[in-house]
Amino acid sequence: MAMDVKVAAFNVAHDFDGGRGVVALAPQIGKNHNTLNAEVAGIGSAKLGLLDAVKMTLRAKDFRILDAFNAVCGRMSIPLPEMLDVEGDDCMRALADSSREYSELVAATCSSLADDGRVSDNELLQLQKEAGHAIQAINALMAAAARRNQLGKPAA
């Protein structure tokens, strides 16, 4: 059972800015708050456009619309290395983080299989989330190693 993109958009809009919701978000994406509310609530013929969904995601720094879209498409996304919060070239911290994330994926997998040997829809969503975190952490480790590599080279 995939996440509902419309529900995600509604929640992003209404949860924005500590609950100030569409009144606070709408002007930041160039919309009237009544229009945005109608679009995310699906009132009448109002529909949220793709570019507005992108603006909402970026302005709110809330990726639930993207996550729901990915789930519907059977995909996932991860932050690019240059967007990750890894301090400097700290390879050991990145290694620890990637190890922790992988162990959380292993634990979630074991937990979902433990009782009945099956993976429910909710368990699958959790495994996908944990796998995404592990991949993100491994990418951060590779970015830290690449920085360390560059620092170790003689100046040209």
Side-chain angles (χ1 to χ4, degrees), residues 1-105 107-109 120-151:
M1 175 184 217
M3 297 171 63
D4 187 325
V5 178
K6 290 187 276 187
V7 170
F10 181 90
N11 290 333
V12 167
H14 285 274
D15 294 346
F16 181 71
D17 196 20
R20 289 184 53 223
V22 293
V23 172
L25 181 59
Q28 294 189 34
I29 65 166
K31 290 249 178 202
N32 173 284
H33 72 276
N34 290 321
T35 302
L36 180 59
N37 186 58
E39 290 175 353
V40 298
I43 297 171
S45 62
K47 294 179 183 159
L48 181 67
L50 180 60
L51 296 179
D52 288 331
V54 171
K55 288 179 191 176
M56 288 172 57
T57 297
L58 294 174
R59 180 60 65 182
K61 294 182 177 70
D62 185 328
F63 299 98
R64 286 181 284 179
I65 298 170
L66 177 62
D67 292 341
F69 187 81
N70 278 325
V72 168
C73 296
R75 311 293 294 179
M76 73 166 67
S77 62
I78 55 173
L80 297 173
E82 50 273 2
M83 295 179 181
L84 297 173
D85 183 25
V86 176
E87 297 175 16
D89 67 346
D90 192 352
C91 287
M92 294 309 290
R93 177 178 170 175
L95 178 61
D97 288 346
S98 66
S99 296
R100 184 190 73 249
E101 293 296 348
Y102 182 73
S103 69
E104 289 175 9
L105 173 60
T109 303
S120 71
D121 290 342
N122 286 338
E123 290 168 335
L124 180 59
L125 288 173
Q126 183 63 34
L127 292 176
Q128 290 169 334
K129 177 183 169 187
E130 296 297 343
H133 290 168
I135 292 167
Q136 175 183 340
I138 291 167
N139 282 341
L141 172 59
M142 293 298 93
R147 284 190 299 274
R148 179 75 55 97
N149 171 265
Q150 289 302 312
L151 290 172

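Position 1 is the first residue of the sequence; numbering continues from there. Just the heavy atoms: all of them, side chains too, but no hydrogens, waters or symmetry mates, feed the values below.
For N34, the side chain to side chain contact (heavy atoms under 4.5 Å, CB included) partners are N32, not counting sequence neighbours. Evaluation of the side-chain hydrogen bond (donor to acceptor under 3.5 Å, both in side chains) rule for S77 yields N70 as partners, not counting sequence neighbours. In this structure A24 satisfies the side chain to side chain contact (heavy atoms under 4.5 Å, CB included) test together with F16, D17, R20, sequence neighbours excluded. For H33, there are no ring-ring contact (aromatic ring centres under 6.0 Å, His included) partners at least two apart in sequence or on another chain. Every residue two or more places apart in sequence or in another chain that forms a side chain to side chain contact (heavy atoms under 4.5 Å, CB included) with E130 is listed here: E101, E104, L105, A108, Q126, H133.
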- Check the pair Q128 / L124 against side chain to side chain contact (heavy atoms under 4.5 Å, CB included), numbers first and verdict last. CA-CA 6 Å; Q128 290 169 334; L124 180 59; 4.0 Å; yes
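Remark: R100 engages D97 in a salt bridge, criterion side-chain N to carboxylate O under 4.0 Å.
Residue pairs meeting the salt bridge (Lys or Arg N to Asp or Glu O under 4.0 Å) criterion with at least one member in residues 21-38, sequence neighbours excluded, are K31-E39, K31-D52.
Looking only at side-chain heavy atoms (C-beta outward), T57 and R64 stay at 4.5 Å or farther from each other. A heavy-atom distance below 4.5 Å is found between the side chains of L48 and L36.
The shortest heavy-atom contact between A137 and S98 is CB-CA, 3.5 Å. Of all the heavy atoms in R148 and D90, the pair that sits closest is NH2-CA, 4.4 Å.
Distance check: I138 CD1 to S99 OG gives 9.0 Å after rounding to the nearest 0.5 Å. Summarising the geometry, atom CZ belonging to F10 is positioned 6.5 Å from atom CG belonging to N37; distances are rounded to the nearest 0.5 Å. A distance of 9.5 Å separates CG of D62 from CG of L25, quoted to the nearest 0.5 Å.
Panel note: side chain N11, backbone V7; a donor-acceptor pair is recorded below 3.5 Å.
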